[in-house]
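Quick note: numbers below take in every heavy atom, side chains included, and nothing from hydrogens, waters or symmetry partners. This structure is a prediction, so every number in the text was calculated from the model and none was measured. Below, chain A is the first sequence line, B the second, and so on; all start at residue 1.
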Amino acid sequence: MNKKYDFQTIEKKWQDKWQKEEIFKVTEDPNQPKYYTLEMYPYPSGRIHMGHVRNFSILDVISRYKTMNGYNVLHPIGWDAFGMPAENAAIKEGIHPKKWTLDNISHMKSQLKRLGFSYDWSREVNTCLPEYYKWNQWIFLKMFERGLAFRKKSTVNWCPECQTVLANEQVINEKCWRCDTEVEQKHMEQWFLKITDYAEELLSGHKKLHKWPQNVIAMQKNWIGKSRGAQLNFKVSDSDISIETFTTRIDTIYGATFLVLSPEHPLCHKLIEGSEDEEFKRQWIQDNVRQQHTGEVISEEEKEGIFTGKTAVNPFTHENIPIWIANYVLMEYGTGAIMAVPAHDERDFQFAQKYSLPIREVIVPEGNKEKEESDGLFTEYGKLINSGPYTGMTSEEAIPEMIKFLQDKKLGKGTVLFRLRDWGISRQRYWGTPIPIIYCKKCGIVKVPYKDLPIALPSDVEFKGEEGSPLEKSKSFVQTKCPLCHGEARRETDTMDTFFDSSWYYFRYCSPDEKNFPFDPDKADYWLPVDLYVGGVEHAILHLIYARFFCKILRDLGLTDIDEPFPHYLGQGMVTKDGSAMSKSKGNVVDPDEMIGKYGADTVRLFILFAAPPEKEFAWDDQGIEGCFRFLNRVWIFFQENLDLFGKTEEADHSEDELSGEIKDIQIKMHQTIKKVTQDIGERYHLNTAISSIMEFFNQIKKASSVLRSNSPGRKILKQCMTVLLKLISPFAPHVSEELWELTGHTSLLFHSLWPEYEDSFVKEETVTVVVQVNGKLRDKFEAERNTPQEEIKSRALSLDRIQKYVKDKGPKKVIYIKNKLVNIVV
RNA sequence: GCCGGGGUGGCGGAAUUGGUAGACGCAAGGGACUUAAAAUCCCUCGGAGGAUUUCCUCUGUGCGGGUUCGAGUCCCGCCCCCGGCACCA
């Protein structure tokens, strides 16, 4: 009776052994090539979910594969441990956020261990511990010194549910990214990071990221939103005020027939002063300021405005043009004021029609391109007309000329505008890194001295969910002495956005115990950049831009040489079930623990990698996992049935010509499979096809086994195939393969064995199937020896009965031969 | 509206450089073993039609054109789906 596949015992046994022998622990070794695999570290919510399992399984396969290929592989794990849920738990259940977080981590850790991931646990990073967040504070101070962290009063996004400020990036459809509550606008003084200083580099850096998915690059570009254009000033007639505008279409300046200001523009009130209906206008402005903050797009009918009563001078035409205030102009973008060119901008056109403002055409389509017939609106580049000295130029020609004119006359300049805003990091929460700043009545904003770091979170805080920062209520925290004048002073009570923590954690993994710096630059120099970063695309903008930004800052601080932390990022697809993302409310959550209990970690890992390529959505299928379980069972049973082969030694070699067909076939298949799996894992990251080719290989081994067992060379090759099979499966199903490795008489670990190599001479079959087509349609095929001369193949193809049928009357017009593959006969 | 990605059996998905479309797996159907069930093993499996013993023909990768000896793959024009951004001047 064969031994049953007892995955429970097997998996426990190997996990214990791996842990005891610390086989995943790595140290810097300049003589060995390094490989750094990184997963987006999880938030300790309490339990891991299938998304984690997928993310971590992908990288575990790559890590194990790279190790077997001789790389020194850094595969760390840690915890994104600060954040709202811990604080909510504290408010609701009275558990301290720290306890809640640490308990969750310890549970999740045990779950990860059950999955057999090859983590170097000695490098575990936990952002909610002072040993970590001390360095957040350190980095913050360095940024403060360089003017990269600064205070600014501004209108901020406020989530009434979370009782905190949100970054622009954390507002999705005017709602809080976490709790979906409608976001409000508040005027507050906040800490910002000057990410806009790096806008240009964040954009140009994309050129180095050719191994990133295109959609992520596109999203980031979109988010950074660079526009090239011109800034020009319009002098208000009979006054010394001038209005600054931004345009990307300076070539349309001769068609600028009015100016429009945003209702929030600071000059609005000055411009309407003393005009007719001033009180009405004032009210209108106020109403529309409010309306703009609802964030809704204003439709054509809703486009509204008022005439200020003032005019300004178009610097090119010297005409006086009216100045309007309208609700379709945003204060947040550009200068909050625009030159309106109704003939060549859809919104200006709509507005001009509504208020009967002049529309002057200054651009016509170039060449024979027809103008859009609809309504006389043409928004593309073309040829200039009615444009004084510029008439006749193309838009492309006119733009630089006009900018030159502006600069010469000091009326404006060529400029670049970004959509990207500075990153507001202040959060009125407890469970985050305290911002290391002290406010002194005498000295103003003072940084905490480095020697006083970390500024630790106080423990005497009650969690009631009231408005305001919880830290404000901790006297022991707030009250302090000014480091400069030693007078009474007050600490900053806001904490940092947790995205601060996650912007550099991958540096900390390189030297998690470093005491003098955020990380040891030499160790970081060895490990970084990250060779493969895997995580959900939902972080395409937030985390991945912030992390790139931080890397550049750390570089400018002299701590690293690299410009880009993640040259290769793979955005892993969502895990869904029954057509939607797993969620408690949908009731379609599959619990990893339950699956591990039922099928074992090896099966779970194999399945989650098998049914779809990593970047695509993965639809969980309860029956699909059965298929993978059956496969591992078949492998297990097959090894049990053939273990006898590994006990005895086979007699001396037999000569090549004794190899029977099956032996030759299986040998070819073996080399082909090694090649395919190697490429799929190492080059294409298509783990699903790697698994299917392993399955194919095994199916063929199984089919041929009884024949192979009947003779000595057959037994030899069968043994070899089984050994190779174990190595190929091992990154996916490490426990069962390690067990079978031991059962087949190996004393060292499979994990430490070398990845199998293939020989090209064996990858190619000696006989090939030549496909015969007539007019491109498959009609017949035949076997031929590889590299048979072209003429012979062609005549064989033509002589086939089935081909004759098509060729006979007409005779072939042309015969095309693709070597070792195909003959196409054209009749 | 703009940007990016995609559309292949009942399902998840293969097809890597333009060269046998549907690998691998799931589901389904049939059979073997069994008192029975489970498990396991074998066979069939895009559609239509015809021979029916192994077979033959047509058709088929969102739609319509094109390039080519040959197109899921390349080009042009559409349709639809997903994701992102959106009064961005």
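Comparing B:C85, B:A14, B:G83 by their nearest atom to the side chain of A:Met219 picks out B:G83. Taking only side-chain atoms of A:Pro613, from C-beta outward, the nucleotide of B:U20, B:A14, B:C88 with the closest atom is B:A14. Of the candidates B:G4, B:G19, B:U57, the closest approach to any side-chain atom of A:Gln214 belongs to B:G4. Of the candidates B:A89, B:G5, B:U16, B:A89 carries the atom nearest the A:Ile338 side chain, counting heavy atoms from C-beta on.
Among the heavy atoms of the strands lying under 4.0 Å from A:Val771 is at least one base atom, whether or not backbone atoms are also near. Backbone-only engagement by A:Lys821 is indicated by non-hydrogen atom pairs under 4.0 Å involving sugar-phosphate atoms exclusively. When heavy atoms are screened at a 4.0 angstrom cut-off, A:Asn699 is found touching the sugar-phosphate backbone but no base atom. Counting any heavy atom pair closer than 4.0 Å across all strands shown, A:Asn688 reaches sugar-phosphate atoms only and no base atom. If you check every strand for non-hydrogen atoms under 4.0 Å, A:Glu626 touches nothing. Using a 4.0 Å heavy-atom cutoff across all strands shown, A:Gln623 reaches sugar-phosphate atoms only and no base atom. Counting any heavy atom pair closer than 4.0 Å across all strands shown, A:Asp621 reaches sugar-phosphate atoms only and no base atom. A:Lys221 comes within 4.0 angstrom of nothing in the nucleic acid, heavy atoms only. Looking at heavy-atom distances under 4.0 Å, A:Pro213 makes no contact with the nucleic acid at all. Contact annotation for A:Lys303: base contact, defined as any heavy-atom pair under 4.0 Å involving a base atom. Among the heavy atoms of the strands lying under 4.0 Å from A:Lys702 are primed sugar atoms or P, OP1, OP2 only; no base atom is included. Using a 4.0 Å heavy-atom cutoff across all strands shown, A:Gly225 reaches no nucleic acid atom at all.
For B:G9, the glycosidic angle deviates from 0 by 90° or less, giving a syn base.
Atom CD1 in A:Ile363 sits 4.5 Å away from atom CG in A:Asp251 (nearest 0.5 Å).
The distance between atom OH of A:Tyr685 and atom C1' of B:U16, rounded to the nearest whole Å, is 15 Å. Look at CD1 on A:Ile825: it is 21 Å from P on B:U68, rounded to the nearest Å. If you measure from atom CE of A:Met695 to atom P of B:A23, you get 14 Å, rounded to the nearest angstrom. A straight line from CD of A:Gln640 to P of B:U40 spans 16 Å, rounded to a whole angstrom. With rounding to whole Å, A:Asp622 atom CG is found 16 Å from B:G12 atom P. Atom CD1 of A:Ile625 is separated from atom C1' of B:G13 by 17 Å (rounded to the nearest Å). Atom pair A:Lys616:NZ and B:G13:P shows a separation of 4 Å (rounding to whole Å applied). Per the geometry, NZ belonging to A:Lys669 stands 13 Å off P belonging to B:A23, to the nearest Å.
Residues of residues 244-260 of chain A having a heavy atom closer than 4.0 Å to RNA chain B, listed by number: A:Phe246, A:Thr247, A:Thr248.
Mapping A:Asn222 and A:His686 onto RNA chain B by nearest heavy atom places A:His686 closer to the 5' end of the strand. Where A:Ser693 and A:Gly336 each meet RNA chain B at their nearest nucleotide, the meeting point lying more 5' is that of A:Ser693.
Heavy-atom contacts from other residues, nucleotides or ligands closer than 6.0 Å to CD of A:Glu346 number 12 or fewer.
Taking a cutoff of 4.0 Å between a charged side-chain nitrogen and a carboxylate oxygen, A:Lys354 and A:Glu304 do not qualify as a salt bridge.
Considering only side-chain N and O atoms, A:Arg684 lies under 4.0 angstrom from the phosphate OP1 or OP2 of B:A15. Distances shown here put a side-chain N or O of A:Lys814 below 4.0 Å from the OP1 or OP2 atom of B:C69. Using a 4.0 Å cut-off, some side-chain N or O of A:Ser227 falls inside it from OP1 or OP2 of B:A89. The phosphate of B:A39 (OP1 or OP2) has no side-chain N or O of A:Arg630 nearer than 4.0 angstrom. For A:Arg228, no side-chain nitrogen or oxygen approaches OP1 or OP2 of B:A89 to under 4.0 Å. The phosphate of B:G70 (OP1 or OP2) has no side-chain N or O of A:Gln773 nearer than 4.0 angstrom. Between A:Arg347 and B:G1 there is no side-chain polar atom (N or O) within less than 4.0 angstrom of OP1 or OP2. Between A:Arg419 and B:A86, a side-chain N or O to OP1/OP2 separation shorter than 4.0 Å is present.
Using C1' as the reference atom, B:C81 and B:U57 are 36 Å apart when rounded to the nearest Å. B:G19 sits 24 Å from B:C56 when the C1' atoms are compared, rounded to a whole Å. Across the P atoms, B:G9 and B:G22 are found 14 Å apart, a figure rounded to whole Å. On the C1' atoms, B:U35 is 29 Å away from B:U44, given to the nearest whole Å. Separating the C1' atom of B:G18 from that of B:G25 is a span of 29 Å, rounded to the nearest Å. The same atom, C1', is picked in B:A36 and in B:A27; the two are 25 Å apart, to the nearest Å. Rounded to the nearest Å, the gap between the C1' atom of B:C76 and that of B:A71 is 15 Å. Comparing the C1' positions of B:G13 and B:C26 gives a spacing of 11 Å, expressed to the nearest Å.
Of the N and O atoms on the side chains of A:Arg419 and A:Asn222, not one donor lies less than 3.5 Å from an acceptor on the other residue.
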Exercise for review: Please step through salt bridge (Lys or Arg N to Asp or Glu O under 4.0 Å) for the pair A:Lys577 and A:Asp622, ending with a clear verdict.
Suggested key: CA-CA 9 Å; A:Lys577 189 168 183 258; A:Asp622 285 329; 3.6 Å; yes
Review point. Given the rule in the salt bridge (Lys or Arg N to Asp or Glu O under 4.0 Å) test, do A:Asp6 and A:Lys4 qualify, once you have shown the distances and angles that lead to the verdict?
Key: CA-CA 6 Å; A:Asp6 178 7; A:Lys4 228 187 118 219; over 6 Å; no
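Partner assigned to B:C58 is B:G47, using Watson-Crick or G-U wobble distances below 3.5 angstrom. Across all strands shown, the partner of B:C69 is B:G19, judged by Watson-Crick or G-U wobble contacts whose two distances both fall under 3.5 Å.
Between A:Tyr355 and A:Trp324, the angle of the ring planes lies from 30° to 60°, which puts this pair in the tilted group. In this structure, A:Phe629 and A:Tyr5 have tilted ring planes: the angle between them lies in the 30° to 60° band. Note on ring orientation: taking the six-membered ring where Trp is involved, the planes of A:His543 and A:His539 are perpendicular (angle over 60°, cut-offs 30° and 60°). Aromatic ring orientation, A:Trp423 versus A:Tyr546: parallel (interplanar angle below 30°, classes split at 30° and 60°).
In terms of heavy atoms, A:Phe732 sits closest to A:Leu609 at CD2-CD1, 3.9 Å.
Taking 3.5 Å as the limit, the base of B:U59 and the side chain of A:Lys777 contain no donor-acceptor pair of atoms between them.
Residues in residues 674-698 of chain A take part in these salt bridge (Lys or Arg N to Asp or Glu O under 4.0 Å) pairs, two or more places apart or across chains: A:Lys669-A:Glu696, A:Lys675-A:Asp760, A:Lys676-A:Asp680, A:Asp680-A:Arg684.
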